[in-house]
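Taking it in order: structure first as structure tokens, then the write-up.
Letters go in sequence order (proteins before strands), and every chain restarts at 1. The model shown is predicted, which means the values in this text are computed figures rather than measured ones.
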Amino acid sequence: MTVFERTHAIFDDEDVLRDDYQPERIEERDEELEEYKAYFQPVINGKQPRNIFLYGKTGVGKTVATKYLLSHLERDAERYDDLDVTTVYLNCEHLTSSYRVAVNLVNELREEGEEISTTGYPRDAVYDMLWTELETVGGTILVVLDEIDYIGDDDSLLYQIPRARSNENLHEAKVGIIGISNDFKFREQLDPRVEDTLCEREIHFPPYDGNELRNILEKRSALAFEDGVLSEDVVPLCSALAAQDRGSARQALDLLFEAGDLARRNGDESVTEHHVRNARARLEKRQIEESMKDLTSHDHLTLYTITALTVFGEEMPVRRQTIYDRYEDVAMSTDHDPLAMRSLHAHLSDLVMLGILERHERNEGRSGGAYYEYELGVDLDAVVTTLDGLAITGNLDTDRLRATAVRQGLIDSS
DNA sequence: TATCCACTGGAATATGTGGTCG
DNA sequence: CGACCACATATTCCAGTGGATA
């Protein structure tokens, strides 16, 4: 009997498919890079840097292009003795105010161990610290604020930075902001004065089409996979699926990686269309589960309530009052104080925004009035799996939930 | 066409948490 | 310690809303 068997290596270097991989060459973005490069020219000439605003959906090369150009810029600037270029990269994900972004910038610029805490200081004190740090660094400083739309409508920092010199907050340092956003509407919600300065140069990154994605995937897969393990139709399929959806290279690369990973785990010799299709389903499910994990406890209770209503035979979709009645019981049985109706309503709206719930508007006029009806907007299996892993549902019977759902054919029994 | 139902959702305000500073 | 700060969440209050019906 054979105990050990040689497995087939699928990947040569899987890191090439990862999010943080920085390719030697950026594919399919020649025009954008050309434009982008031109906007950096003043920096090399020793002038005040321009503020630049990049926008485009996720996975269309904004961040990769930025990191690529900035690393070249820093390197090329070293050839000039009178030039001192520093870049600071900050991802603003979850930083929902100017204050938080400022705190994170200060910490980014400070030595390890010298960081400040995220609350407690007056706003102006943090801004002063920021000016001090920027002055200490001096020279030309390019601040990249990725996913800047998280900052919402509190844009005072974006107003202050470009004006720091004329307000005598900065003397030595020349600061330029590079704002990156997924959401073009963000621009419109800015204060007009901020929009003027921040968006003085802007570049749009369009989604990739199928052919572009195919080229990108071919270049990457040549490095990532062992020779000959990809069957012919894998790259075209990943490209086509991603192109149909959002035109995101990120998505196409994730799909390719996941397909390879599945093949590896199954001990298969090659990656086939079949793996890609499975990978897609797995990624979708995982994405739903991820999005549900960072919700608040009352979001989870709300979600549990609706799931329970779905599984235990309530007529779907359900109205708010029905949800609320059940929710009160659920909250009590898990040692939570039930929230007021208005708050539950807010949680329902949040879940709708996240696509986890669906909401239908109904209006029965004088006799019935206007109201919403809610139901789950995502795969029931994914919801039950997530709820099962949560601490708050400890004394709720998620096993019975799943068993009942399976019995009713709402979930596959696998 | 005015009415009226059963909500919705904005705004002001309150509460609780985790922090600085003198 | 007490005064103060930022922020996430809740609560309270209530002016709309849109369409079936009298």
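Within residues 94-108 of chain A, no residue approaches DNA chain B, by heavy-atom distance under 4.0 Å. Taking every heavy atom of residues 122-136 of chain A and every atom of DNA chain C, pairs under 4.0 Å involve A:Pro122, A:Arg123, by number. Residues from residues 112-120 of chain A lying near DNA chain C, meaning a heavy-atom separation below 4.0 Å, are A:Gly120 in numerical order.
Atom OH of A:Tyr371 is separated from atom P of B:dC5 by 16 Å (rounded to the nearest Å). In this structure, A:Leu348 places its CG atom 13 Å from P of B:dC7, rounding to the nearest Å. A:Asn363 has its CG atom 11 Å from the P atom of B:dT8, to the nearest Å. A:Gln321 places its CD atom 15 Å from the C1' atom of B:dT8, with the value rounded to the nearest Å. Per the geometry, CE belonging to A:Met341 stands 8 Å off P belonging to B:dT8, to the nearest Å. As rounded to whole Å, 17 Å separates atom P of B:dA6 from atom CD of A:Glu361.
A:Ser297 and A:His300 share no donor-acceptor pair across their side chains, judged by distance under 3.5 Å alone. Side-chain polar atoms of A:Thr272 and A:His274 form no donor-acceptor pair below 3.5 angstrom. Counting only N and O atoms by type, the side chains of A:Thr305 and A:Tyr324 include no donor and acceptor under 3.5 Å apart. When only modelled atom types and interatomic distance are considered, A:Ser156 and A:Tyr127 share a side-chain donor-acceptor pair under 3.5 Å. Side-chain contact, A:Glu108 with A:Tyr89: no donor N or O sits under 3.5 Å from an acceptor N or O.
Among the atoms of the strands shown, base atoms are found under 4.0 Å from some heavy atom of A:Ala370.
One finds a side-chain N or O of A:Arg320 lying less than 4.0 angstrom from the OP1 or OP2 phosphate oxygen of B:dT8. In this model, the phosphate group of B:dC7 is not approached by any side-chain N or O of A:His345 to a distance below 4.0 Å at OP1 or OP2. Residue A:Arg359 places at least one side-chain N or O closer than 4.0 Å to OP1 or OP2 of B:dG9.
Here the OG1-OH distance, from A:Thr386 to A:Tyr304, works out to 14.0 Å after rounding to the nearest 0.5 Å.
For the pair A:Asp149 and A:Arg187, the salt-bridge criterion is not met [side-chain N within less than 4.0 Å of a carboxylate O]. Under the 4.0 Å criterion applied to side-chain N and carboxylate O atoms, A:Arg123 and A:Asp154 are assigned as salt-bridge partners.
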Pick out the pairs of N or O atoms, protein on one side and nucleotides 2-4 of chain B on the other, that lie under 3.5 Å.
| unit_1 | atom_1 | unit_2 | atom_2 | d |
| --- | --- | --- | --- | --- |
| B:dT3 | O2 | A:Arg366 | NH1 | 3.4 |

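Between A:Phe257 and A:Phe11, the angle of the ring planes stays under 30°, which puts this pair in the parallel group of the 30/60° scheme. The aromatic rings of A:His204 and A:Tyr55 are tilted relative to each other, their planes meeting at an angle between 30° and 60°. Ring geometry, A:Tyr372 versus A:Tyr374: the interplanar angle exceeds 60°, so the pair is classed perpendicular (tilted spans 30 to 60°). Note on ring orientation: taking the six-membered ring where Trp is involved, the planes of A:His298 and A:Tyr327 are tilted (angle from 30° to 60°).
Bracketed by its first and final contacts, the part of DNA chain C lying under 4.0 Å from non-hydrogen atoms of chain A reaches from C:dC5 to C:dA22 in 5' to 3' order.
A donor-acceptor pair under 3.5 Å is absent between the side-chain atoms of A:Asp155 and the main chain of A:Ser98, judged by distance alone. The backbone N or O of A:Arg25 lies less than 3.5 Å from no partner atom in the side chain of A:Tyr68, so there is not a single donor-acceptor pair.
A:Lys293 pairs by the side chain to side chain donor-acceptor pair (under 3.5 Å) definition with nothing, not counting sequence neighbours.
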Let's go through A:Arg286 and A:Glu290 carefully: what are the C-alpha distance in whole Å and the side-chain angles of both, what is the deciding distance for salt bridge (Lys or Arg N to Asp or Glu O under 4.0 Å) to 0.1 Å, and is it a yes or a no? CA-CA 6 Å; A:Arg286 194 184 308 158; A:Glu290 287 303 315; over 6 Å; no
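Between B:dA6, B:dT20, B:dT8, one nucleotide has an atom nearer to the side chain of A:Tyr372 than all others, and that is B:dT8.
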